[in-house]
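Scroll down for the structure; my scribbles are underneath it.
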Amino acid sequence: SGQHVSGLPKGAWILAAIVAKATGSIEAGKAMHLIALIAAWLLAWPALVAAGLDARRARVIALLAAFNPVAIQQVMTYNVDGVVASTLLASAACAVLWVRTGGRIWGVAAAVEAAFLTTLKFSGAAVATELAVALLAWVAWRERDRLGAALRLGAFSVALALAQGINPYF
C-alpha cells in the first residue's frame, strides 16, 4: 500500500529520480548505485594514501571496499543498502582526508555525506552518529587543537540533516 512507501526515507529515490528525469529512462535511475559506488572508490583511494598506504595498495583496497558485496548485489535495483554502504565509505574517506590534510572542503564533504546518510534509511542517522562520534574521539585524542572545528562540522551536519532529512520521511 502507499502508506508503507510514504513512511520510508527517500534520499536515494530522489537521486534516482533526478537521473531518470535527466535521461528520460526510469531504468537509468538505478545508476544511483554506480554514482555512489564510484564516488566512494574515488574518495577512499586518496584517503588511504593520506593515511599512509602506498598508492597501489590504496587503489586495490579502496576498490575492494567500494565494490563490496552489498553495493554490487544492488547495483541494478532500487534498493538502498548499497547506496548506504557507498555513502558511509565516502563520508569516512572525507573524514580521513580532513584529519590528514586539514582541508576544510574535506570536512564539509564529510558533514554533507553524513547528513545525506540520514535521508537514505532510518538507520542512516545512527550510522552517521557513529561516524561522527568516532571522528570526534579521534580528534579529541590525537588533534585536540582541531576539536572546535570538528564540533562545528558536527553541528553543521546535524543542521543539514534536519533541513534535508526530515522531508523525505513524510
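With a 6.0 Å radius and a threshold of 12 heavy atoms from other residues, nucleotides or ligands, Leu64 has its CG atom above the threshold. Dense packing is recorded around CG of Leu151, with more than 12 heavy atoms of other residues, nucleotides or ligands lying under 6.0 Å away.
Closest approach of Ser86 to Ala71, counting heavy atoms only: OG-CB, 4.1 Å. Across every non-hydrogen atom of Val96 and Ala47, the tightest pair is CG1-O, 3.5 Å. Residues Asn68 and Ala85 share a closest heavy-atom pair of ND2-CB, 3.9 Å.
Rounding to the nearest 0.5 angstrom, the gap separating the CD1 atom in Ile14 from the CG atom in Leu120 is 10.0 Å. The CG atom of Leu153 lies 11.5 Å from the CG atom of Leu160; values are rounded to the nearest 0.5 Å.
Other residues sharing a hydrophobic cluster with Leu63 under the 4.5 Å side-chain heavy-atom criterion for ILVMFWY residues are Leu34, Leu37, Ile38, Trp41, Leu42, Trp45, Val49, Phe67, Ile72, Val75, Met76. With a 4.5 Å cut-off between side-chain heavy atoms of Ile, Leu, Val, Met, Phe, Trp and Tyr, the cluster of Leu48 takes in Leu53, Ile61. Its side chain within the 4.5 Å cluster rule, Val19 clusters with Ile35 among the Ile, Leu, Val, Met, Phe, Trp and Tyr residues.
In this structure Arg146 satisfies the side-chain hydrogen bond (donor to acceptor under 3.5 Å, both in side chains) test together with Glu143, sequence neighbours excluded.
Side chain of Thr87 to backbone of Val84: no donor-acceptor contact under 3.5 angstrom is found. Judged by distance alone, with hydrogens and angles left aside, the side-chain atoms of Ser91 form no donor-acceptor pair with the main-chain N or O of Leu88 at under 3.5 Å.
Residue pairs meeting the ring pair (Phe, Tyr, Trp, His ring centres under 6.0 Å) criterion with at least one member in residues 70-110, sequence neighbours excluded, do not occur. Each salt bridge (charged side-chain N to carboxylate O under 4.0 Å, His left out) pair with one or both residues in residues 65-91, not counting sequence neighbours, appears once here: Asp81-Lys121. Identified under the salt bridge (charged side-chain N to carboxylate O under 4.0 Å, His left out) test for residues 152-162, with sequence neighbours left out: none. Pairs of residues two or more places apart, or lying in two chains, never qualify as salt bridge (charged side-chain N to carboxylate O under 4.0 Å, His left out) while including a residue from residues 67-78. Sequence neighbours left out, the pairs with a member in residues 31-57 that pass salt bridge (charged side-chain N to carboxylate O under 4.0 Å, His left out) are Asp54-Arg57.
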Side-chain donor-acceptor distances from residues 125-139 under 3.5 Å, at least two apart:
unit_1	atom_1	unit_2	atom_2	d
Thr129	OG1	Ala125	O	2.7

Review item, side-chain donor-acceptor pairs of residues 107-114, under 3.5 Å, at least two apart:
none

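Criterion: ILVMFWY side-chain heavy atoms under 4.5 Å apart, direct or through other members. Under it, Val99 and Leu43 are part of a common hydrophobic cluster.
Residue Thr77 forms a side-chain contact (heavy atoms from CB on, under 4.5 Å) with just one option from His33, Lys30, Met32, and that option is His33.
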